[in-house]
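Data block below; observations after.
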Amino acid sequence: MKRIPIVLIGLVIYLVSPSARPLFTDAFPPEEFAARRARLMTEIGDGVAILQGATERPGYLKFRQSNQFFYLTGVEVPRALLIIDGRAKTTTLFLPVRDERMERSEGPMLAPGPEAEKLTGISKVLAREQFADALAAIAPGRPLFLPHRAEALGAATPGNVKAHDEKTRSDPWDGRVSREAAFVEQVRGKAGGSSVQPPVIRDLDPVLDAMRLIKSAREIALVREASRISGLAIRETIRSARPGMYEYELEAIGDYFFKKHNAQGVAYFGLVAAGKNAAWPHYHAAQSQLRDGDLVLYDYAPDFKYYTSDVTRMFPANGRFTPEQREMYTIYLKLYQALMTSIRPNVEPTVVLADALKKMEQIMGTFVFKTPKIKAAAERFVAAYRNTDRNSLGHWIGMEVHDVTAPYDVLKPGMMFTIEPALTIPAERVYVRLEDAILITADGYENMSGFVPVEPDAIERLMAEEGMFERADRKPTETTRRP
């Protein structure tokens with residue numbers, strides 16, 4: 001009888017243990033990642049796609065893979081590398097060799113070999129040290145596709161990482177290039193080629209961005225779940241909010257619900273803004289105290305298995321809209337719903353906007369205004385939709401809260417975005433905004449966050465219910481006290 005290595009025995013025990021951390025993601029089956037790679041092979045033709053995964057974090061934080069690498073592999077191992085050959089129709093994954101000392105501390109990690117090939121569905125999983133030889137073996141003249149945009153990790157967006165990269169490179173006291181730029185130069189110098197025929201480097205991001213624009217059924221399910229978790233948190237926040245509480249207490253409700261439902265992090269920092277703080281659209285200091293008479297904006301969503309949502313609601317801190325607040329909120333809601341109910345598939349966004357504008361003008365003609373400044377604010381809101389150059393309904397959502405985009409003509413089933421127009425009175429720092437997560441379907445759209453109340457009466461009824469803070473502060477009764 002042959003001896004079985006102790007490490008292999010440990011791995012087998014680990015794999016059958018229901019309580020252990022999985023070595024490979026359960027967000028998608030290997031077949032979905034394989035289908036994405038197969039499509040990428042078709043897109044790059046004779047080219048070769050080369051990617052690097054994210055590094056470990058320099059602190060006690062959970063590892064999160066970069067979005068482009070995860071999208072193609074589902075592999076959550078620091079410093080992984082990937083080669084996808086469009087001509088040969090093959091994928092090779094390169095992983096660091098097993099670090100037994102680290103695993104004794106943190107648990108097993110996916111490592112090169114047959115087990116990784118079985119779990120990932122990638123036919124060849126080699127040691128990272130073999131990557132250089134694989135690069136050198138690429139035939140001269142073949143185009144090499146590499147990501148150029150800085151990697152997006154948790155709570156990142158394409159715009160944010162681009163701005164950060166530009167500021168870092170232009171900072172006279174920093175000047176570093178991104179990992180992606182450095183990797184491109186490393187590959188340029190070491191891939192197959194010569195001084196006569198150096199490698200042709202192309203940007204992989206536009207190819208992957210176009211693939212990511214329309215979501216699969218499983219991707220939709222993850223965004224729908226992220227929307228559900230966000231909505232549950234917002235509903236509980238509305239129940240619990242009271243004058244005297246702090247914005248950070250309301251943010252903590254979101255944190256609790258995200259963790260309770262197994263989100264791996266946040267899609268973006270919590271935007272909890274009481275009163276005039278809401279006039280800063282991305283206000284996130286969360287240090288102000290809710291006052292009687294404040295309207296509170298709550299905009300927060302989780303990162304659930306690498307997919308995000310974006311949902312916003314507003315509510316009165318004391319549980320009741322003042323007459324002026326109700327007037328402004330009601331006309332805004334009607335205009336907002338005019339936009340939402342105009343959304344449909346297989347048309348350009350300009351068609352949706354034109355249809356919404358007609359509805360808005362009808363609403364303005366019948367709505368009874370009592371406050372001139374609110375009427376003026378509503379007129380400015382509608383006027384913005386008369387801009388014929390406008391061709392956007394909101395922002396995309398997916399793996400990033402402001403997800404990647406690509407050229408497109410019409411709204412197609414599987415596209416996902418939010419709408420979040422704001423109605424404002426700038427001179428008084430008054431700001432009203434809602435936001436919902438929208439999925440384009442074959443015959444219309446789905447509002448994935450539609451279960452979160454928006455009607456003022458429904459919000460007031462929800463605020464009258466007991467919230468989790470009240471339950472936590474309530475003294476135990478004789479019947480609930482343990483012996």
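Numbering of residues begins at 1 and proceeds along the displayed sequence. None of the values given here were measured: they were computed from a predicted structure.
- Residues passing the side-chain contact (heavy atoms from CB on, under 4.5 Å) test with Glu32, sequence neighbours excluded: Phe28, Pro29, Arg36, Ser216, Arg218, Glu219.
- Taking the charged nitrogens against the carboxylate oxygens, Asp403 and Lys215 do have a contact shorter than 4.0 Å, which makes a salt bridge.
- Rounded to the nearest 0.5 angstrom, Phe69 CZ and Leu93 CG are separated by 5.5 Å.
- A salt bridge links Asp355 with Lys359; the closest basic N to acidic carboxylate O contact falls under 4.0 Å.
- At most 12 heavy atoms of other shown residues, nucleotides or ligands fall within 6.0 angstrom of atom CZ in Arg176.
- For the pair Arg326 and Glu460, the salt-bridge criterion is met [side-chain N within less than 4.0 Å of a carboxylate O].
- Under the 4.0 Å criterion applied to side-chain N and carboxylate O atoms, Glu435 and Arg433 are assigned as salt-bridge partners.
- Contact check for Arg128 versus Pro96: side-chain heavy atoms found under the 4.5 Å cut-off.
- Ring geometry, His282 versus His402: the interplanar angle falls from 30° to 60°, so the pair is classed tilted.
- Under the side chain to side chain donor-acceptor pair (under 3.5 Å) criterion, Asp443 pairs with Thr441, not counting sequence neighbours.
- Shown here is Tyr256, whose OH atom has no more than 12 heavy atoms of other residues, nucleotides or ligands within 6.0 Å.
- Counting all heavy atoms, side chain and backbone alike, Glu249 lies closest to Phe469 at O-CZ, 3.6 Å.
- Using a 4.0 Å cut-off between charged nitrogen and carboxylate oxygen, Arg212 and Asp205 do not count as a salt-bridge pair.
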side-chain hydrogen bond (donor to acceptor under 3.5 Å, both in side chains) evaluation trace for Asp303 with Tyr268: CA-CA 8 Å; Asp303 174 1; Tyr268 49 96; over 6 Å; no
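- Under a 4.0 Å N-O distance rule, the pair Asp165/Lys162 does not qualify as a salt bridge.
- When all heavy atoms of Ala156 and Val161 are compared, the closest pair comes out as CB-CG1, 3.9 Å.
- Under a 3.5 Å cut-off, the side chain of Glu470 and the backbone N or O of Gly467 do form a donor-acceptor pair.
- Looking at Lys373 and Glu428, a side-chain N of the basic residue comes within less than 4.0 Å of a carboxylate O on the acidic one, giving a salt bridge.
- Between His284 and the choices Tyr300, Tyr298, Tyr248, Phe269, the ring pair (Phe, Tyr, Trp, His ring centres under 6.0 Å) rule is met once, by Phe269.
- Heavy-atom neighbours of Arg242 CZ from other residues, nucleotides or ligands within 6.0 Å: above the threshold of 12.
- Closest of all the heavy-atom pairs between Arg380 and Thr424 is NH2-O, 2.8 Å.
- Look at Lys167 and Asp174 and you find no salt bridge, because none of the NZ, NE, NH1 or NH2 atoms lies under 4.0 Å from a carboxylate O.
- Between Ala356 and Leu339, the shortest heavy-atom contact is CB-CA, 3.7 Å.
- Listed here is the closest heavy atom pair of Phe24 and Leu119: CD2-O, 3.4 Å.
- Ion pair Asp26/Lys305 flagged as a salt bridge, since at least one NZ, NE, NH1 or NH2 atom sits closer than 4.0 Å to an Asp/Glu carboxylate oxygen.
- Within a 6.0 Å sphere centred on NZ of Lys276, heavy atoms belonging to other residues, nucleotides or ligands number more than 12.
- Ion pairing between a basic and an acidic side chain is recognised when a charged N comes within 4.0 Å of a carboxylate O; Glu327 and Lys370 show no such pairing.
- Pairing each heavy atom of Phe369 with each of Ala378, the nearest pair is CZ-CB, 3.9 Å.
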From CA spacing to verdict: salt bridge (charged side-chain N to carboxylate O under 4.0 Å, His left out), Arg228, Glu225: CA-CA 5 Å; Arg228 187 186 75 89; Glu225 178 63 7; 2.9 Å; yes
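- Under a 4.0 Å N-O distance rule, the pair Arg79/Glu56 qualifies as a salt bridge.
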